[in-house]
Amino acid sequence: MKTYKQPSTVGRFGEFGGMYVSETLMPLLLNLDKSYKKIQKDKKFKKELNDLFKNYVGRPSSLHYAKNLSKYINGPKVYFKRDELNHTGAHKINNCLGQILLAKKMGKTRIIAETGAGQHGVATATVCALFGLPCYIYMGSKDIERQKPNVFRMKLLGATIIPVESGSKSLKDAMNEALRDWIKNVRDTFYIIGSTAGPHPYPKMVRDFQSVIGKEAREQILKVEKKLPDYLIACVGGGSNAMGLFYPFLNDKKVKIIGVEAAGRGAKTEETAATMTSGTPGILHGSYSYVLQDNDGQIKEAHSISAGLDYPGVGPEHSHLKDIKRVKYFGVTDKEALEAFQTCSKLEGIIPALEPSHALAYLMKAFKNKHKNKVVILNMCGRGDKDLFTAAKAIGFDADE
Amino acid sequence: MQMNNLDTLPKKKILSLFMTCGFPTLSQSKKIFNEMLSHQPDVIEFGLPFSDPMADGPIIQEANKLALSSNLSTQQSLNLIKELSKSKNNTSFVIMCYLNTVRKFGVDKFIKSIKNIVDGIIIVDLPFEEESEIKKSLSKNNIHLIKLISPMTDKKRAQKLLKGSKGFIYYISATGITGSNKLDYKEINKNVKSLKKMSKIPVLVGFGIKSKKDVLEISKKTNADGVIIGSALIQKYFDLKMDINKYLIDLRKFITEVKV
Ligand SMILES: Cc1ncc(COP(=O)(O)O)c(C=O)c1O
């Protein structure tokens, strides 16, 4: 059996990935890659990061046996990897801590980031507050509207929010603007990308920082079940929480892996964010990967009720895992996700974010009355507080006082 | 093989004008390019509109958006360039675009369509590290791949990038996106000088050149062989409240002015 070893030294996952950026950014990315390689061998860095994981984030996150939900599905035993219990309420903080430590080591004095749901923005603003660095968050004006609680959180944490009015006014456009900021301020600025997307070395670096999720889950499940899980399930936006859970299991060929994308109003409609179901290979944000585009290569606008999944691209490693058939990808609609959001809240007493609600919806649909005696780990990568207004509106509940 | 106009660029005071294809509409775009062409500038750069122009500032972004709002296709842009090439004379035609546009059209098909029409191409997001395949096909068809050099490119890297390079060197005057920044003549001069030691082809300075004054200063205070003007040309359309007739008149005045 061949062990999985991706990406190549130039950032290729099979044919996907790479560095497609202008010459202003190229020297920076090469330098970032070099610095990242260096700190990977640095014991002090590792210790510092582990210490922050433990005492600041509250890691390891627990592995909860969702008994009621399992009973309801009448299928496999379902475990939640509870990264929604992390400080700031999602998995995003794992990556931000890794990157800001790197930024510090590289002597950078100004931090920028893009955000969709606001979770990555909040996590970035949080680590900037902790390390005393100025923080600028690019956020589409449509997302500012639908993720208000997180906008206020970022402001409280001292970040400056820069509304983005171009394009679809959501995550894709926020990333364009953050990249433009970086091109302008190359000398002092570190760009903390929030997912396994963008040019090399980001997809690798973010995966590595997030893989603490899968490493813990592996140990935890071996302890309680005395065996590896039969299935892993996670939602995929840019793909960071999914890669974090999947990566440490990729060589375990018996573990079946499922990624769930947001299909919006349906994967066959124009209003979708299911990149790997409905897209074709192309270049977006410096990386070659599946992308929603027209026949001329113009990037289409994505649609999802979940701001964190509302992205027309996907991390290149997922494209590779899809093509080598190591991971299977499916789409779940807004409606199905909303139902799962409510069911999980009632059954388990856990209000999930709309992003993992997509993974939950797939589980409830595809595993119903099936796969008994099997064990599933689902990445509960974020909590639903940020989505209360969006969900209330969609369900028809008047949440204004 | 047909001649490549870029190989006979003048030695000094080269003027390159950038304009987005299909902006603001396809038929008006034709008028704009005809006006530009009537001045016989040394180079015209044709921007192919892209939905996500990462390295472009708000003005060119807006131009792209307007062009795409009437569903302009890559084929239509290429047809426009082909038609204009009938009256190109000594002007070099250069395409400036993003890689996804070329890949989606099909690299071979794209190169075939612009062969003997276009002299050079700038693919903004195709770095040296990824270029080898495309560069080979281009060179077989006598189209020069124009290299961008930024203030962040160090000497060693610049040397690597410029090896065997043809046409001209596009020196990005400052870190930033198109249409931004103030010009730092000292830094420009220093870097241009160093580039000229590495390569015999002309060095043009682009990004942030807005007026006749800027053009004169570049020529006076630096060693550059010419300038590239883009955003400033497009900006005027918005300044004139999108009145195409007024814009065409203004464009004539502006180009006459900067053709020093
Ligand atoms: C809770 C949560 N899950 C998932 C995502 C999607 O990102 P990724 O696919 O990188 O995990 C987001 C993005 O904001 C998020 O906030």
Side-chain angles (χ1 to χ4, degrees), chain A residues 8-12 17-31 33 164-168 172-189 198-200 280-289 291-301 312-313, chain B residues 48-58 61-62 64-65 67-68 71-77 97-106 110 122-131 147-154 156-158 161 169-172 174-181 207:
Chain A
S8 70
T9 50
V10 291
R12 294 265 166 205
M19 310 165 112
Y20 296 98
V21 297
S22 67
E23 181 55 25
T24 316
L25 286 184
M26 247 350 253
L28 262 100
L29 286 174
L30 294 171
N31 188 32
D33 189 36
V164 174
E165 298 290 349
S166 58
S168 55
K172 165 180 87 97
D173 311 287
M175 199 153 168
N176 281 332
E177 281 311 317
L179 282 163
R180 288 184 186 116
D181 178 311
W182 203 25
I183 293 176
K184 264 190 271 189
N185 301 292
V186 278
R187 289 187 172 89
D188 63 346
T189 298
H200 178 67
T280 48
I283 294 158
L284 175 65
H285 297 144
S287 167
Y288 181 61
S289 192
V291 58
L292 300 175
Q293 59 184 334
D294 70 13
N295 289 334
D296 272 319
Q298 308 295 353
I299 310 303
K300 288 190 198 171
E301 293 182 5
Chain B
L48 300 186
F50 181 49
S51 55
D52 293 76
M54 194 167 84
D56 284 299
Q61 279 178 53
E62 195 56 34
N64 282 342
K65 203 167 131 191
L68 291 175
N71 289 322
L72 180 85
S73 67
T74 306
Q75 187 65 60
Q76 281 173 311
S77 292
C97 64
Y98 288 82
L99 183 58
N100 205 41
T101 305
V102 180
R103 278 191 99 135
K104 196 70 186 160
F105 195 84
F110 190 93
I122 304 165
I123 307 176
V124 182
D125 56 348
L126 179 70
F128 169 74
E129 282 74 3
E130 310 272 2
E131 77 182 15
K147 308 311 293 268
L148 293 161
I149 300 283
S150 97
M152 299 306 288
T153 317
D154 65 22
K156 219 169 112 197
R157 183 171 169 81
L161 262 64
I169 297 166
Y170 190 136
Y171 178 70
I172 300 170
T175 58
I177 48 183
T178 51
S180 53
N181 26 269
F207 282 39

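Excluded from the calculations below are hydrogen atoms, water molecules and symmetry mates; all remaining heavy atoms, backbone and side chain alike, are included. Quick note on labels: first sequence line is chain A, next is B, and so on, each numbered from 1.
No side-chain donor-acceptor contact under 3.5 Å links A:Q298 to the backbone of B:N71. For the pair B:N100 (side chain) and A:G282 (backbone), a donor-acceptor distance under 3.5 Å is absent. Although no hydrogens or angles enter the test, the distance criterion places a donor-acceptor pair under 3.5 Å between the side chain of A:R180 and the main chain of B:P53.
Contact of the B:K104 side chain with the A:T280 side chain is registered, since non-hydrogen atoms from C-beta on lie closer than 4.5 Å. By the 4.5 Å heavy-atom criterion applied to side chains, A:M26 and B:M152 are not counted as neighbours.
Residue A:T24 holds its OG1 atom at 7.5 Å from CG of B:L148, rounded to the nearest 0.5 Å. To the nearest 0.5 Å, atom CD1 of residue B:I122 and atom OG of residue A:S22 are 12.5 Å apart. Between atom CE of residue A:M19 and atom CD of residue B:E129 there is a gap of 7.0 Å, rounded to the nearest 0.5 Å.
Residue A:N31: no heavy atom, backbone or side chain, is found under 4.5 Å from chain B. Heavy-atom distances place the backbone of B:I149, and not its side chain, under 4.5 Å from chain A.
Of the options A:L179, A:V291, A:I283, A:L284, a side-chain contact (heavy atoms from CB on, under 4.5 Å) to B:D52 is made by A:L284 and by none of the others.
Pairing each heavy atom of A:Y20 with each of B:M54, the nearest pair is O-CE, 3.8 Å. In plain terms, the two heavy atoms of B:A55 and A:I183 that are nearest each other are CA-CD1, 4.1 Å. Contact record, A:K172 with B:S51: NZ-O, 4.4 Å, taken as the closest heavy-atom pair.
Ion pairing between A:E23 and B:R157 holds under the 4.0 Å rule for side-chain N and carboxylate O.
For the options B:L126, B:T101, B:L68, B:D154, heavy-atom pairs under 4.5 Å to chain A are most numerous at B:L68.
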